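Taking it in order: structure first as structure tokens, then the write-up.
One-based numbering, in listed order, for ligands and for the atoms of each. What's counted below: heavy atoms across the whole structure, side chains too, no hydrogens, waters or symmetry copies. The shown structure was predicted, so the numbers you read here are calculated from the model rather than taken from an experiment.
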Amino acid sequence: MAELKLQHLDKIYDNNVQAVYDFNLDVADGELIVLVGPSGCGKSTTLRMVAGLEDISSGHLIIDGKDITTMPPKDRDIAMVFQNYALYAHMTVYENMAFSLVLRKENKNVIHEKVLAAAEILGLTDQLNKKPAQLSGGQHQRVAMGRAIVRTPKVFLFDEPLSNLDAKLRGATRREILLLHKRLKATMLYVTHDQTEALTLADRIVCMSMGHVQQIGTPLELYDTPNNLFVASFIGLPPMNFIEGKVEDGSFKSEHISFELNGEQKQLLSAYNGKEVVVGVRPENIIKGSTCAMKVTLNENLGQTTLVHGNVGGQKLTAKFREWCDYENGDEVGIAFDRIHFFDKESTEAIR
Ligand code: ADP
């Protein structure tokens, strides 16, 4: 169990690529933090700095009040579960899980207890005598987690642990990790490029882009009140629709879609008269109505919901209706927006 503080962390690689800029985060004891963002945004680099696998160019890393910025990985009491979980092929599941404790010359009885306890948590009790080749992909991943659990580390680090699994197994293993976290109440840092994993797993999400933290908050905060256009477009699936336009005399006006602002919106945008803004509307916030008419280009039934893609003039939109729809291409459907986000076009920041 541990509190973790990442203070002003920078990473500049030897080739002068700066991968991480001024990363600040206080992780509470038992918290599950998900670092999310597109490939190359600096998530793994941040995680590897915490693990001690990359030097920290500047800044400090503190665990339970102790500065471990330059401490070698083996002394950090941190366990990492990787995307490529290499198990020792010639060892049984039991031996794989016990390996790090054997290296540490732990007492045999203690090792036995820890391995059995971890196997119980992970549902691997029946698999302990098997070799890795006899296991499914999901079981492999659980053994990899078991190897981390037996060490009872202060902090668990996960680097895209699900990305080698197929879609079905990914969902199941994701739920196992969530249950594992609830059961162990351990401090965890989890890296993924998948916003669904971030929303479903995290106590708090750190959303990154190009080495910079864009927003830190609960999944609901990032979904409901994104800080800027980047977070708004990255979190949520299908992504938010964006409409570029202007505020003019109490209305939002764009080339294809215009509507009158309500009292609250007028107040929010009082400093923006004549200025360019971006309206953001999530597909689930498009409802049937009379703001404008959308011409359907594709009707995708998902069962409980239907994704209806279309356009209003040259403005593309995707709506998610909570019903089965059977629109044909070319049909016109009257729509309105029941929740709208506004962004400053120039700064890309949310207007709040
Ligand atoms: P992510 O995990 O978000 O995909 P990374 O942390 O792996 O991103 O990479 C962040 C940036 O740092 C990228 O531009 C990547 O090319 C660069 N980078 C990663 N590792 C190295 C390295 N060992 N040497 C130089 N540049 C690197």
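Classification of the Tyr94-His112 ring pair by plane angle, with boundaries at 30° and 60°, yields tilted. In this structure, Phe230 and Phe234 have parallel ring planes: the angle between them is below the 30° cut-off, well short of the 60° mark.
Lys295 and Asp331 are not joined by a salt bridge, as no carboxylate oxygen comes within less than 4.0 angstrom of a charged side-chain nitrogen. Comment: Glu323 engages Lys288 in a salt bridge, judged by a side-chain N to carboxylate O separation of less than 4.0 angstrom.
Between Thr306 and Lys320, every side-chain heavy-atom pair lies at or beyond the 4.5 Å cut-off.
The 4.0 Å heavy-atom shell around ligand 1 contains residues Tyr13, Asn15, Ala19, Pro38, Ser39, Gly40, Cys41, Gly42, Lys43, Ser44, Thr45, ordered by chain and number.
Applying side chain to side chain contact (heavy atoms under 4.5 Å, CB included) to Met145 and the options Ile121, Val150, Thr173 leaves one that passes, Thr173.
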